[in-house]
Each structure stands twice: as C-alpha cells, then as structure tokens.
Amino acid sequence: MAVCIAVIAKENYPLYIRSVPTQNELKFHYTVHTSLDVVEEKISAVGKSLGDQRELYLGLLYPTEDYKVYGYVTNSKVKFVIVVDSSNTSLRDNEIRSMFRKLHNSFTDVMCNPFHNPGDPIQSKAFNGIVSGMMVQTG
Amino acid sequence: MECQEEKPIIYTMENKPIVTCAGDQGLFTSLYTSLVQQLPREPMEWRRTYGRAPKMIHLEANFVQFKEELLPKEGNKALLTFPFLHIYWTDCCDTEVYKSSVKEDMMRWQNSLRTHNSADWVIIVVETSDTKKKNKTNILPRSSIVDKIRSDFCNKQNDRCVVLSDPLKDSSRSVESWNSLLLKLRTLLLMSFTKNLGRFEDDMRTLREKRTQPGWSFCEYFMVQEELAFVFEMLQQFEDALVQYDELDALFTQYVLNFGAGDMANWLGSFCAPVRNWSGLLLRRPIDMEKRDSIQRGEANLLDLRSYLFSRQCTLLIFLQRPWEVTQRALELLHNCIQELHLLEVPVVEGALDCWVFLSCLEVLHRIEGCCDQAQLASNCSHTVGLWAYATDKLKSLGELCGLVSEKGPTSEDLNRTVDLLAGLGDERAETVNSLQSPYKKLKEALSSVEAFERHYLELSHAALEMYQAIGRLRSARLVGKSLAEFYMRKGDPKRAETFFQEALKSYVSEGWRLPVTHTRRQIAECQKLQARTEDYLQTSALLAGDTNLSTEEREHFCQEILNFAGKSGDQSHKVTLSMGVFAQLTRLQFHPATASVHSGAVLQVELTMNCLMPISMSIQQLAASIHFDVDHGGTHGRSKLDQRQINAGTVEFSQDNSSVGLRSSAAAGPSLELDEIQDRSPSDNFLNSTGVVCKNTHLVMRCHDSISPPNTPNSVSPSTVAMKEGGQMLKVQDIILKPGNNSIIFTAPSGQPGTYTLRQLCATVGEIQFVQSHIYPTIRYEVYSQEPQLTVDPVSEPLLAGLPQMIKFTLLTGHCAVKKGDALQLSNTDTMPFLPSTSCTARISCQTSDVVGESILSIQSSEKVTSISLPPTPPYHILEFQLEVLCIIPSGLDSVANERLTNGEVRHRPRSYSHPDTPMTAVDQRMSVDCPWSIYSTLLSLTFYIPFKTKHSLLSAGNRKYIQVCVQNVSDVSFTLADVKLTEKQHASLELQSLNTKTHQLLCSKHSVFCLWEVRWKDELPSCLQCVFSANFSPVNKDISAFKPFHYQFQLEGVTTLYSVRGKISPPAGEQHCRSGFLCGFEVSITRLTEPAEGEVAEDSKTDGDCLKTTKLMYEVADSSSNWAVCGKSSGMVLMPMKANCTHKVQIEVMPLFAGHLPFPKIKVLKYLPHSAAVAIQSDPDSCVENDSLSLLDKTLDDQGDTASIRSRGSIHSVGSGDQQQKSIAMPRLEPFSPGQVFNHSYGQQIVVLPATDDHIMEVNAT
C-alpha cells in the first residue's frame, strides 16, 4: 500500500522512517522532509481557526508526479507521513485515514513502553510489524 | 448544418435562451426594447427537480422571429438552439379582423407548434386606448376578444393568454400590466426550462445507463452532457455547468481506472492513440473548437480530451472567480495525465510529456496572471508555486535530455531529439503568435541553445525559489536550491553550487535528517574538491569517512583521501587543522589513581578512551593534550579540599552525541538542565529573603537554542577549524594506531609542580593533518600537591583512661619530606604522662593508597627529659604508623599550680581537669611537645584522658570525736578492683587515723561507689586543719596484681575542732507531761563553747567587753523547714559568746507542734556574725571560694560536704535579712557559716513525742 512511512518528532527530526526497499530510500527522505513544509502550513492554518478541536488527519499534503503524500499530526505534534504511489488508485481517503489511525495506535503503544525514551528513534518490533503490514499489502 | 449555426453563437458567448415571436411583428418591434430590458430586472426563483436546491435566476432571452425551421426536429439533442417559449403578439380588438385573419394565423401557429410537441407558448394581446378609439363602431369590449382567444385556443389554460395594456404609456395601469406580463413570461420560461431540461436530463441519463452496452461511445455522451453544461452556462449557472464537466471528468477517470483493473472499454481505444502533439493546454479560448471537433469525431487522444475538459473547467472556474482552484486542479491534472498515459500504456516520445507539462504549467500560470492583479498573485503564491516548481523540474529534465546541461553542449543525438520534440509542439497558436512571452516561444527558445536554456532555467528556478521562501516553505526552497546546485555542478560551476548545498545541508543537519545530510555532504565534497579547497574538502571527507550511512567502500575512499593528503610531504608550515569531532570522539577519561590528585613527582596516568570514527585503522604520529597550569597559591593544603572538587572519582564520561545511532534527539533537545536550588538569606539574622532555582549550564542550553546545531557534533555543517594552542605542558603519546571503534590510550601526566592542571585541547597529528578538539567538556583537571609532613596522635581505643597504661597511635604523613635514617622524634617527657617503655614497638610504613610497604622495629630511648624515637627511613608521601603506651597520672586534688618549664623553655601548662559534656568522667588534656626532624618548631599535640573516678570526702563529728569518710565513685565503663585503701595525714605525726574498713580488696563496678571511713584520734590537741592524702591501688577487674596502679586523692580539712555544741530542749507546757499539738512548748537552745580560743580565732574577734573577756558574736536561728513546728516569737537572734571554754548561752524560744507524732526537733543553726568593718577585709575570701567552686570539681567536694548546714542557713538568712546579695554589695555586716566540724548539734536527728490535742496516751521514743 504505502511506499514510505515516516514518524517525525515535534522538532522535525525523524523518529522512524521506512520505505519500500526496492526504491531509492534517499528520495523518500527528501520527499518526507519537504512535506513538513506543508504539514507546518496546515497546522498553523488549522490552529488559527479551530483552536484545540482539530482534526489530526491533514489529508493530502501534496501530490507529485509519482507519489501522493499524506500527513497526520498527533496532539503532541508528532507527525506521521505516508507516501503512496500515485498509480495506486485503489486507496481512498478512508483507507489512508485508517492507516494513520492504526499507526497512531501503535505509536501510542510504543510511547507507553516505560523503557522507551520519548524522543529516541523508534525501534519497536511491534511498530515495525504494523508498518510492514501497511507496506506489504500492495503485493 | 447545426454545428455551423452554433459556432457563431457560441463564439460570441452571448447565448440566451431563444424565444420566438409570431403574430404582429410591428407590434413586437415596438415593445422589444423595453421587454429585453425589463425581463432580467427581477430575479425568479427556479425550483428544480431531483431535490436540487432552488435558485434565484435573472432571466434573459433572445427574441427571434418565429420560423418553422427553428422548431427542433425529433431526436435533435441540441439544447442551445432550442426555443423555450413561443409568443404570439396581437393588438387586434376588432372582432371582424380577428375572425377574418388573426384567428387563422394563430391556428397555423398553434398547429405548427403542436406538430413539434411544443406546449410552451403564450398569446399576448396588447391593448391600447388609441386602438379602441379608432374603431369605435366595431369595438367589442376588450374582454370579449381575449375571451374569444381564450375560448378558441386556451383550452382550460387561461393563463396562456395575457393582456398588456397601454404598454407605451407611463401610467400606473401600464406599469401594472407590464409587471404581470413579465411575471408571466418569466414563470412560463422557467416552466419551460424545467420541463425541457428535465426531459433532456432524463434522456441523457438513459444514455448514460447504456454505457455498458457495446457500441456506446463516450464521445457521444460527452457531447450530450456538454450541451447541458452549455445551457447552464447560458443561464449563467456556472456552478451547474461545472458539475457537468466534473461528472464527465469523473466518468472518464473511472474508465481509465477500470482499464487499469483490466476492464477495457472499446471506445477507450481511440484514447490510447500515440501522442503526436504535445502543445499543452490552451486556455485562452472559451471553447477550443478544434479539440471539441476531434472529440466529436472520436479522434481525440487522451491528452486532447483532458486538455479540452480542463480548458472548459478553467473557463467556468474563472467565471466563478476561483482562479486558485484552477492552479490546484491543473497540478492534479498534469500528474493525473501522466499516470493515465502510463496506465493506458500510450506510447509517448521521450520528453514529449515534459514539454506538454512545461507548456501547460506556463499556460495555466499565464491564464491566471491574465485574470488577477499583481497583488493577488503575490499573496497567493502558495497556489501557483507548485506549478512553477513543476515547470522548473520539467525544464531541467528536458535540458538533461537534450544535452543542454552538460558542459560540452548537446551531441548530434541530442539535437535530433530536440528536433523531434519541437516538431511535436506544432505551430504556435494564433492567440499567442504576437505575444513575446508565450510558453511556446519560451520552450522553443530554451531548447534552442545552451545559453538560452540556462537563462530560462535559472529564471524559473529562482522564481520558484523565491516564491517558496516568500510563503515560508523553506524546505521546499532548499530542495529547489539543491536542484539548482546540481545544475551548476553540471555546468562546472562548483562555487555557485556550494552555497545552495550548504544551505540545504544546514537545514538537514539542524533537523537531523541523516540520509539527506550524507547525500548533500557528498555533493559538497565533490564541490569542494573541484574548487581545490583542500582544508574544507578534508574536513568534509573526514565527516563522510565517519558517516555510517555510506557504504564501507565510500567511507574508505574518503578516508584514503585524507591519508593521501597527510602522506604528502609538503612544507612543514602548511599543516591542515581539522576538527577532532569528525575523526574520533572522546568516550571516557580515567585517572589512575582515581582521585586525580597526586603529590608532586608522583605518577598520574590518564587513560583516554576514544571512539575512532574512521573506517580503517589510522596511525597517529602524535596524540597530545595541551594542559593549562595554575599554580595553587593556597600553599599547602589538606586532602579534603581536593576530594571535594573531584567528585567524579577519576572517571569522566563524555556525553555522547553518537551519530551512528542518529541520536539527534539529544542534540535537538539540548543538554539537560543542571539545576540547583539557591537560597538568599540575609546576613544579619539568617532570615530567608528569597529562594529559587538556578541553571548552572545556561551557557550550553542557551547556545543550543541560538544556533540549532551544537558545535562539536559530527554533523555540523563545517566545523570551525581550530588552531592548536601551543601550551607549555602536554600529555603526549607518539605513534599509536587508532582502530575503528573504541581505543584506549594511556598518557602519563606531568606532575612536577604543585598546582591545578586543566586539560584544554586535544590534538591528533596524522602527517600534515591535525585533528584538534578545541575544548574538552566537561572540564577535566587534576591536581598536583605538595604536602608538609604531618604528625597526628590518636588513641587506639576511646576513651583514654587516666591512671592506666593506654595505647596511643602516632601517624606520620611524610609529605614531601623523606625520613632519613637516623631521624628521630624527640618527645618531651612530662611528669603527668610518662611514656611506658615497651619491648617491641613496630612501625608500619604504607603508601597513601594504604598498601603496606614495610615494617620495622623502632628504637626508643628515654632520658630524663626526652624520649627519643628513631624513625625508620620512609620515602616521601608515605604514612608511618606506630603505637606507644602512655600513662596519664591522675592529678590528685590539691597540687600546687606552679608553672614549670619544659625542656625547650616553653612555659608548661599543668594539665587542668574539666568536666566533659559527653561523659560523666572528668577530662584531662595532656599536651605533648614533639620535636620533629623536618621542622625547627616543636609540634604540640594534645590528648584527652578521662579520670575514671570521682572522689568525695566528708568530715563527720560525734561530739568531739571526728571521722573522715572518703567516697570513691567509678564513673567509667570499666569495673575496677580497689586495694590497699589508706588515709594519711601529712603534717601532724601525733594524729592517728584508725581505719574502720574491713576489706583489703574491694570490687568497684562501673557507675558504683565505695565508701571508706577513718576515725581521727589525737593525743594532745586536734589541729584545726588536716592535710589528708587518700591513696588506693586499683586495676581493672581480671588483671593480676602487677597491674595495680596507685590512685591518690589529696584533700584538706579545716575547722576540724568542735568549737560549739548546740543543744535544744523542748519542755512541754506547764503541767503537762508531753507536748500536745497546738499547744505552745518551751524550746531552750543552749550553745556551749567547748574549746579555748585558738590562735587564729583571736584575730577574728572584734569586741572586748568591759571585764576583759573576749567575746564573739554568734547568730542562731531556729527554723523548721518541714513545717512541723511553728516558731513563735523571735526565731533568730544574736548571741555574744565569751571566748572561754564551757561557757554556755541559753535562749528560750516558744514553739508549737503542728502535728502529733514523733516530730524531729526544729533545726538550730549557728552562724558566725561578722561586723561590717571586718567584712571588707574578708571580702575576697568568699570570692575565691566561689571561683574554686566553679573551676575545680575536686575542690568542690569540700563544699558539698557542708551542704546541709550551709545551704539551709543561707536560705534562712535570706528570710531574716534583706538578701545576701545586697549585704555583700554595700559591705554590711554579714554572716558566715561554720565549717561542718565546728558546731556539733546534739539535738540533730532527735525527736519528741507530740500527743494529739485530746489524746491521753503517752509514748516517748528517743532516737539518736
């Protein structure tokens, strides 16, 4: 499904970034990093209008010729970014949302781990498994 | 035919619904202007079918003359030319005329309508007052014609005939009739719309449902639905029109997707035709008829259809004033098209799509620019910037494709490709032929030459870059910048490229994106290499060599680059200095010994653990740490000061900013705060003024906030190169090999001069390259101290008991002095604390880490004055320990406090005893004076001994007989055996002290007392003053007899002789045998002088009587403290006693018993009365007495003895006089008690029976 999934800390450094191994990892790093621009733009736009009651899902951040980049921001300003291949037309908004929700749940589990130091890169196997699940389904 | 008719209409874009007019054309023409004007004036609500929201709509119409041909034929789907309403105009008011011609005409009109199934008609009868007047004769009432028409045509549809009265007059009637006409027309028009459009939509839907059938054509359907869109557009319902296009768009998209899923529709085949033309979007025309035709003909390819659809959507969106949606949709469209072409596997010439996208982007931007002003554009950059960036991107890839980017210029193959691409652009469109800046021209120009390409590319890039920056999308801007830099690199302009790379790198480093960091850094390395900036290149190479994101080969390559340079034998002056952080990281530093504090000259090793980041082993010529040296001005100091400062016990862990794990979090979060609590107390009363928390490492925390990348991290952009300071002293190792990973390096630290050594910089030299770490944090320092020799003496066991041999330990810290053979300690002997000679005394020599170095036997030589201890040779900074046995003689009471001189001439202080607050034992400080070989001054040492005993004595009298009691209390924790108790008198040989003690050995347990008693016997006369010495031998229990030590206690007894005897006698009231409570009794006090006045006593006497008999004044007092007796009358008084033996003085006092029973006698006290003249002289005496009280416990025992008598008497004086204090101060006559032996009270302890007031029983008990 997804070709790249990234978790980015509040301070904008990557906590977790993984992409489909067959493709150029570096490209995704650039893509995800650039998408932070739009994430910030959206957060600040939302912050002004709605205050605390805001939607975590940011929707399509920006399309490129080959990929669609979706964003999601937790209340603690941790960002999730999912990059989907543009040719993958079967993915609708709802599916992306549910992917983010799953990701968020798993992320919450990671944070609940008393041995995890918030701010450290995520190395949880469970989280990795969830991410793999989202990336493998493409077939 | 139809198409040709439509064209002009559509081109003008002034389509209006067609309304036909039949009947009186002249009449209509006269009314036409006002009709056209007034019809759109009022909006009408248009209720829609299918639950669509009603809309207010301003209706306009295009009135045309009725012709048969206008009526649509069966099956014609054209809506634009559809006449929505048919009007018949007549102003006929003559029945005849009506019947003869008008009716016929109407019939014909109606028939033709009916044949075409058109039910939307209306007949308007215009009535003017003029017409009425003219034909007066045949005039029917106005209603009749209308009625006639209605009855003839409007079968049950009366509203189909409307009357317009006096349309050209300005009367209220006219206005009213106009209004009703207009309302009618509008209503009818809307009805017609609803009906006809509804029918059309139904037909369209039916057609759409057939899409699964074979032979269904999307293009046909497209034309049908677009017709509807045209109508909506005509009605100014752009929203609805847009919906039609969006539906078409979605339908088409779905088909393409289905195709992707394997469901191929036949009609889609035409869209899969190879793309031959990539001229881009055309948005300048409202309708691109060429494309529309090709769609209609079914010849359009995918790009044609998409382009046409988008151009229509664009037109409508601009009508709707939503230009920014255009840009957004454009980007989506472009991306989508590329995906769709890919999906449909449409063959496309390489680069063709890039051209198409490039042209399209620019076309959209031009279109938007055309409809917005500059300010709007500037504030909506965020919407357009995507297109700019996309265009830039595409132009770049075109440039690369056509060989316009390389340094050499395009090859012939490139040129061929360029020609092909340009061919696909076709001719420039008519609209833009004359404009200078059309996208077409731009592209053509850009592809024409390298220079032109560069110009256009840079222009676009900078435009995109600036826009991104303007809207705050800095990351995107950097990415564009990077791409620009890559372009410059291709063009062979590394200088310009580097700034962009550095910019981008800074951003990635600050946000901790490692992969982009590595990638960009590698580009920078290339860039720097091209510019031959050796130092920077080496620095970057070092960073890359240590970058784990690179493959080992790449890392080794960069490492080799460094080594290559290092190996070059350049001139020595040119050394390249690089930051240490990129090369190796300090992990840990350990001091051996761990205290990091050694005496001067000692060996201090520093073990440094370094994590080498290089991929291969590096051989280092020299690794050096420069040292800053501070001389300690504190002189000699103890060890405690050092220990405080060095908390970390010799190991310093350097905080790891480990790049391999990518722990950017710590760097991003900054160093943790080191907080301390502070309390501000006022200096005067220690009152808390304020309290707070202070951050100790503000400089670090703040620094990290200022510039996000903290220095000394391996990821920093270009670590500031640091110059190695040439410090005087260094930690150095030569020729070592650092392996990848952790390495342990051991330095030997210089420890020559005493002082503080701070490690400042670390420098590794590899050939011509120096890796320097300018600061070592946390601060690392070690201390070298120089220590004076120190001698201390401690008890081996606490407490030291006086009177018994005790072990004391001598500890000698040699410090910087060595003890040479023959050096000796000279201890001045004291009487009170002799050193006991021992057979074997061993000294232990240990170094400061408490390892025993050696033992040797001490030789001790004692002379009269001095004990000399020869010390074994001991090296500096060692500890020499030995033990000696000493005995502290218990001071015995009344030693004369004469100052003696010690051997060294110093005034000797006699040890003074004092009570120690911690123990009940009396403490004695013993000072020792030691002459040490290293100093010309004597060392004074002090030991505190505790006296295990407290001794008290008392004089007991029985008439003239005297007894001395000594009480020995053991206040220590040890039990003793007391033996050979003896009491001797020193001065009076005639005196005999007869012991009444039976046991020779007596156990004296801890906290217990032993009492001893002697009777004093004398032959001729008892001396008034006795100098007694109590002596005993004691030893701890369970020790043999040899361990017995003597214990002496000296004391002095004064006023031993009984001077007076006092006797009280109670006589019952007269006639009674016994006293009764409540009855007064007589109390006779008789005081008898027992002895002749002694020599000393005479002086006290002050008064001589007439008969030359010397008298002395006594004060007596009768008091009863236990409230048994009430003393009536004078209870105290003065008595003049003649100083002659056996003189008796009697005093009668009345007392009353208050209780029945055996009552002790009232107390009688006798005191010396000193007249005031004598008082001054004796003033000093009681003072000294007081002083003794407070200072000397031993002396105090004397006072304690007389406790019962003296204290009571003082209390009673208080009651008689006006206070002791006052008396003293004004030198009044005063009273002085006798010492306890001088007055013997016969009635002391005597009791008398007192009967109850009414009791008859008699009982007398005498007790003594």
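Letters A, B, ... are given to chains in the order of the sequence lines, protein chains preceding strands, and every chain is numbered from 1.
Between A/Lys68 and B/Glu332, none of the side-chain N atoms (NZ, or NE/NH1/NH2) sits under 4.0 Å from a carboxylate O, so this pair counts as no salt bridge. Here A/Glu40 pairs with B/Arg475 in a salt bridge; the nearest charged N to carboxylate O distance falls below 4.0 Å.
Rounding to the nearest 0.5 Å places CD1 of B/Ile471 at 8.0 Å from CG of A/Asp37. From A/Thr34, atom OG1 reaches atom CG of B/Leu479 across 4.0 Å, with rounding to the nearest 0.5 Å. Atom CH2 in B/Trp513 sits 8.0 Å away from atom CG in A/Asn12 (nearest 0.5 Å). Put simply, CG on B/Asn549 and NE2 on A/His29 are 8.5 Å apart, with the number rounded to the nearest 0.5 Å. The line from OG of B/Ser510 to OH of A/Tyr13 is 13.0 Å long, rounded to the nearest 0.5 Å.
Note: B/Pro516 leads B/Cys337, B/Gly386, B/Pro516 in heavy-atom pairs under 4.5 Å with chain A.
Looking at heavy atoms from C-beta onward, B/Tyr390 lies out of side-chain contact with A/Thr64 at the 4.5 angstrom threshold. Counting only heavy atoms from C-beta outward, the side chains of A/Phe28 and B/Leu515 never approach each other to under 4.5 Å. You'll find the side chain of B/Lys394 reaches within 4.5 Å of the side chain of A/Glu65, heavy atoms only. A 4.5 Å side-chain heavy-atom check between B/Arg473 and A/Glu41 finds at least one atom pair inside the cut-off. Residues B/Glu511 and A/Pro14 have side chains not in contact (no heavy-atom distance under 4.5 Å, counting atoms from C-beta outward).
With a 6.0 Å radius and a threshold of 12 heavy atoms from other residues, nucleotides or ligands, B/His342 has its NE2 atom at or below the threshold. Within a 6.0 Å sphere centred on NZ of A/Lys10, heavy atoms belonging to other residues, nucleotides or ligands number 12 at most.
Side-chain contact of B/His519 with A/Tyr30: a donor-acceptor pair under 3.5 Å is present, judged by distance alone.
Residue contact with chain A, scored on non-hydrogen atoms closer than 4.5 Å, involves the backbone and the side chain of B/Thr520 alike. Heavy-atom distances place no part of B/Leu343 under 4.5 Å from chain A, backbone and side chain included. There is no contact between B/Leu331 and chain A, counting heavy-atom distances below 4.5 Å.
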